[in-house]
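Presented below is the structure to which this report refers.
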Amino acid sequence: DAGVIQSPRHEVTEMGQEVTLRCKPISGHNSLFWYRQTMMRGLELLIYFNNNVPIDDSGMPEDRFSAKMPNASFSTLKIQPSEPRDSAVYFCASSFGNFETQYFGPGTRLLVL
Amino acid sequence: KQEVTQIPAALSVPEGENLVLNCSFTDSAIYNLQWFRQDPGKGLTSLLLIQSSQREQTSGRLNASLDKSSGRSTLYIAASQPGDSATYLCAVEGGSEKLVFGKGTKLTVNP
């Protein structure tokens with residue numbers, strides 16, 4: 001299997017622009033997680049899905065962030081409008097079943113100018 | 001609220017040395033604890049997962065222990081190699097599939 005796939009790998013945008021990050025989980029995995037990593041705060045869970053349904057979005061920082069999982073093989077994380085403080089590395093991870101090992105994608109490095 | 005702390009934040013050792021990385025957590029009501037490795041500019045790679053009912057897990061030169069009652073875990077690396085240089089992250093999973101991460105220990109193994 002190719003592992004968790006994320007795109008783009010790098011994104012540079014200007015404040016106020018919409019940003020869409022994409023994730024393809026490992027085939028057969030039924031849980032999907034979006035994380036954000038910064039130097040100051042470390043890795044933080046933003047939202048996770050189980051069987052395509054959002055289970056917990058308490059980590060989403062504010063209404064500018066939204067996430068969707070229209071099917072078992074695709075998810076998006078959208079930031080609209082983007083702000084410089086959103087600059088971070090965003091990771092997607094997937095797992096098979098509850099409380100199993102999470103497999104991480106390579107991340108998307110986002111820079112908002 | 002669960003908090004995970006990793007000490008030290010950075011560690012530099014000569015090749016061949018055995019070393020221990022530490023992880024502590026504030027809420028002992030966990031389902032499992034995981035150790036990950038992160039290389040610069042890369043994602044996380046799962047190293048070991050210890051279920052709450054287990055005391056330790058081993059994989060090759062790595063051994064992770066868990067003392068749930070005291071809120072501690074250690075990752076032991078035997079005969080360290082330069083290729084072990086990376087950041088090691090500890091994460092605990094509570095009752096909701098949510099992983100709470102520590103900020104990691106950056107390990108450098110010098111040839």
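Every chain is numbered from 1 and lettered A, B, ... according to where its sequence line falls, protein lines coming before strand lines.
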Answer yes or no: are there more than 12 heavy-atom neighbours, outside [X] itself, under 6.0 Å from its atom [atom1]?
X: A:E62; atom1: CD; value: yes
X: A:F96; atom1: CZ; value: no
X: A:R109; atom1: CZ; value: no
X: A:N71; atom1: CG; value: yes

If Ile, Leu, Val, Met, Phe, Trp and Tyr residues are connected whenever their side-chain heavy atoms lie under 4.5 Å apart, and connections chain through other members, are [X] and [Y] in the same group?
X: B:V109; Y: B:L75; result: yes
X: A:M15; Y: A:L21; result: yes
X: B:F36; Y: B:V4; result: no
X: A:W34; Y: A:V89; result: no
X: A:Y90; Y: A:V112; result: yes

Tell me, for [X] versus chain B, whether the close heavy atoms (under 4.5 Å) come from the side chain, the backbone, both or neither.
X: A:R41; value: backbone
X: A:Y103; value: neither
X: A:T38; value: neither
X: A:L45; value: side chain

Exercise. Most heavy-atom pairs under 4.5 angstrom with chain B, which of A:I55, A:D56, A:L43?
Worked result: A:L43
For this session: Report yes if the side chains of A:Y35 and B:L99 come closer than 4.5 Å at any heavy-atom pair, otherwise no.
Result: yes
Exercise. Could you give the distance from CZ (A:F104) to NZ (B:K42), rounded to the nearest 0.5 Å?
Worked result: 16.0 Å
Exercise. What distance separates B:E93 CD from A:Q102 CD, expressed to the nearest 0.5 Å?
Worked result: 6.0 Å
Exercise. Among residues 49-72 of chain B, which ones touch chain A with a heavy-atom distance under 4.5 Å?
Worked result: B:L49, B:Q51
Exercise. Is a donor on one side and an acceptor on the other found under 3.5 Å between the side chain of B:K103 and the backbone of A:M39?
Worked result: no
